[in-house]
2 protein chains.
Amino acid sequence: MTTPELDLPDTTTPTETIAEVAARTGVSAHTLRYYERIGLLTVPRDHAGRRLYTADDVDRVVFITRLRQTDMPIRDIQRYFTLVAEGASTEQERLELLLHHREAVQARLDALHRALDVVDYKITKYGGSARP
Amino acid sequence: MTTPELDLPDTTTPTETIAEVAARTGVSAHTLRYYERIGLLTVPRDHAGRRLYTADDVDRVVFITRLRQTDMPIRDIQRYFTLVAEGASTEQERLELLLHHREAVQARLDALHRALDVVDYKITKYGGSARP
DNA sequence: TATTGACTTCGAGTGCACTCGAAGGCCTAC
DNA sequence: GTAGGCCTTCGAGTGCACTCGAAGTCAATA
């Protein structure tokens with residue numbers, strides 16, 4: 001009937017400054033501005049033109065950091081949020097993008113494990129000599 | 001008594017061209033020259049000045065690729081082979097370098113796993129929506 | 001002998017993801 | 001009312017690890 005104004009946590013009212021978001025997410029203010037510059041975020045401003053982040057914005061920053069931690073290229077993250085902006089009809093494509101990335105990460109994990117085995121072999125067998 | 005010339009596989013006679021090494025290791029000729037330029041390798045030349053790699057050289061290239069696959073910085077790889085060049089007395093330090101790197105790789109593996117879990121959560125729970 | 005093609009050196013260029021600096025605006029505390 | 005500090009935009013700079021191009025050399029083949 002009416003919008004459930006009081007029942008849901010507020011995620012769209014701008015409340016946090018760039019310094020607060022930087023402190024909470026570990027992403028520098030410089031990098032937060034950079035992310036905005038390249039279109040990963042759109043952050044509202046206060047009356048003086050300063051950024052005020054909503055809870056949703058902060059959530060998005062956190063999600064971006066997770067994707068970056070898995071080495072997703074910025075280009076792909078841009079693509080992902082472009083799809084998000086295009087609405088619900090792109091959900092399938094977004095899912096595919098994430099699944100595709102998931103495979104890449106899994107492959108990276110496997111490769112890392114294999115290469116680490118070689119290093120371990122080197123450690124135990126040669127104690128660090130010049131030969132592999 | 002005498003050096004066991006016939007018993008050991010020959011690892012120090014230059015036999016392979018840069019193209020062969022590139023093909024066998026998957027490292028481009030350009031990158032092989034780059035590695036040499038920055039001091040990771042010292043490759044003998046034939047009478048015409050062309051590189052001829054020994055089996056030991058190729059082994060070293062392969063080991064470098066393993067270290068790079070685990071994201072060891074070039075700087076650390078340089079340090080490692082500097083130690084190798086300094087002889088057996090640096091074995092302890094080399095071992096420590098590798099063990100330290102091993103920890104870094106393990107930390108990276110853990111972080112990848114955690115970040116991947118977040119992506120997986122996103123995949124299963126939201127099917128790719130904008131919220132984390 | 002002429003051409004082909006792989007090799008050489010050297011310096012410069014690329015792509016990525018930040019990271020920084022300059023110049024100035026606005027709010028609060030004294 | 002002014003000093004301090006955090007904010008703004010913009011463009012430029014950084015570091016890493018390659019990657020490429022130009023100009024030339026050399027040896028094998030037609």
Side-chain angles (χ1 to χ4, degrees), chain A residues 14-53 57-58 60-81 101 104 108 111-112 115, chain B residues 14-54 57-58 60-81 101 104 108 111 115:
Chain A
T15 55
E16 295 202 64
T17 69
I18 194 168
E20 287 162 355
V21 176
R24 286 215 301 129
T25 63
V27 178
S28 77
H30 272 303
T31 302
L32 286 170
R33 290 192 203 100
Y34 164 71
Y35 283 167
E36 194 173 342
R37 203 155 74 216
I38 64 175
L40 297 189
L41 293 165
T42 310
V43 182
R45 308 300 154 109
D46 69 9
H47 71 97
R50 277 166 301 188
R51 288 168 180 80
L52 272 191
Y53 290 75
D57 293 331
V58 177
R60 183 179 281 212
V61 170
V62 171
F63 187 50
I64 291 169
T65 65
R66 299 296 177 223
L67 294 178
R68 289 294 304 125
Q69 280 164 15
T70 55
D71 297 321
M72 183 186 277
I74 292 277
R75 221 160 259 275
D76 291 358
I77 303 180
Q78 286 174 322
R79 172 87 185 126
Y80 181 83
F81 287 116
H101 178 59
R108 172 91 186 106
L112 214 45
Chain B
T15 55
E16 295 201 65
T17 68
I18 194 166
E20 287 162 358
V21 176
R24 285 217 302 129
T25 63
V27 179
S28 76
H30 273 303
T31 300
L32 286 170
R33 291 192 202 99
Y34 164 71
Y35 283 167
E36 194 174 344
R37 203 157 72 216
I38 63 174
L40 297 188
L41 293 167
T42 311
V43 182
R45 307 298 154 109
D46 69 8
H47 70 96
R50 279 165 301 186
R51 290 169 179 79
L52 273 189
Y53 290 74
T54 69
D57 293 330
V58 178
R60 183 179 283 211
V61 170
V62 172
F63 187 50
I64 291 169
T65 63
R66 298 297 176 222
L67 294 178
R68 289 293 305 124
Q69 279 164 14
T70 56
D71 296 321
M72 184 186 278
I74 291 277
R75 221 160 258 276
D76 291 358
I77 302 180
Q78 286 174 322
R79 171 89 186 126
Y80 181 83
F81 287 117
H101 178 59
R108 173 89 185 107

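What's counted below: heavy atoms across the whole structure, side chains too, no hydrogens, waters or symmetry copies. Note on naming: letters A, B, ... go to the chains in the order of the sequence lines (proteins, then strands), and numbering restarts at 1 for each one.
- Between the CG atom of A:Leu32 and the P atom of C:dC18 there is a distance of 11 Å, rounded to whole Å.
- In plain terms, the two heavy atoms of A:Thr15 and A:Glu20 that are nearest each other are O-OE1, 3.9 Å.
- Distance CD (A:Glu16) to C1' (D:dC6): 16 Å, rounded to an integer number of Å.
- For B:Glu36 against B:Leu41, the heavy-atom pair with the smallest separation is CG-O, 3.5 Å.
- Where B:Thr17 and A:Tyr34 meet DNA chain C, the nucleotide closest to each residue was compared, and B:Thr17 sits on the side nearer the 5' end.
- Separating the CG atom of B:Asp76 from the P atom of D:dG15 is a distance of 17 Å, rounded to the nearest angstrom.
- Residues from residues 37-50 of chain B with heavy atoms under 4.0 angstrom of DNA chain D, sorted by number: B:Arg37, B:His47, B:Ala48, B:Arg50.
- Checking the phosphate oxygens (OP1, OP2) of C:dA17, no side-chain nitrogen or oxygen of A:Tyr35 falls inside 4.0 Å.
- At the heavy-atom level, B:Ala19 lies under 4.0 Å from the strands shown only through sugar-phosphate atoms.
- Among the nucleotides D:dT8, D:dG21, C:dC18, the one closest to the side chain of B:His30 is D:dG21.
- The distance from atom CE of A:Met72 to atom C1' of C:dA17 is 16 Å, rounded to the nearest whole Å.
- Within the structure, every side-chain polar atom (N or O) of A:Arg51 is placed at least 4.0 Å from both OP1 and OP2 of D:dC7.
- As rounded to whole Å, 13 Å separates atom P of D:dC16 from atom CD1 of B:Ile77.
- Distances from the side chain of A:Arg68 to the nucleotides D:dA17, C:dT8, C:dA17 place C:dA17 closest.
- You'll find the side chain of A:Phe81 stays beyond 4.5 Å of the side chain of A:Tyr35, heavy atoms only.
- As rounded to whole Å, 13 Å separates atom P of C:dA17 from atom CD1 of A:Ile64.
- C:dA6 atom C1' lies 12 Å from atom CD of B:Glu20, rounded to whole Å.
- Not one N or O on the side chain of A:Gln78 forms a donor-acceptor pair closer than 3.5 Å with the backbone of A:Gly39.
- Checking side-chain atoms of A:Arg24 against main-chain N and O of A:Ala22 turns up no donor-acceptor pair under 3.5 Å.
- OP1 or OP2 of C:dT9 has not a single side-chain nitrogen or oxygen of B:Arg33 nearer than 4.0 Å.
- Counting only distance, with no hydrogens or angles, the side chain of B:Thr54 and the backbone of B:Asp57 share a donor-acceptor pair below 3.5 Å.
- Here the side chain of B:Arg50 pairs no donor or acceptor atom with the backbone of B:Ile18 at under 3.5 angstrom.
- As a whole-Å value, the separation of B:Asp71 CG from D:dC18 C1' is 14 Å.
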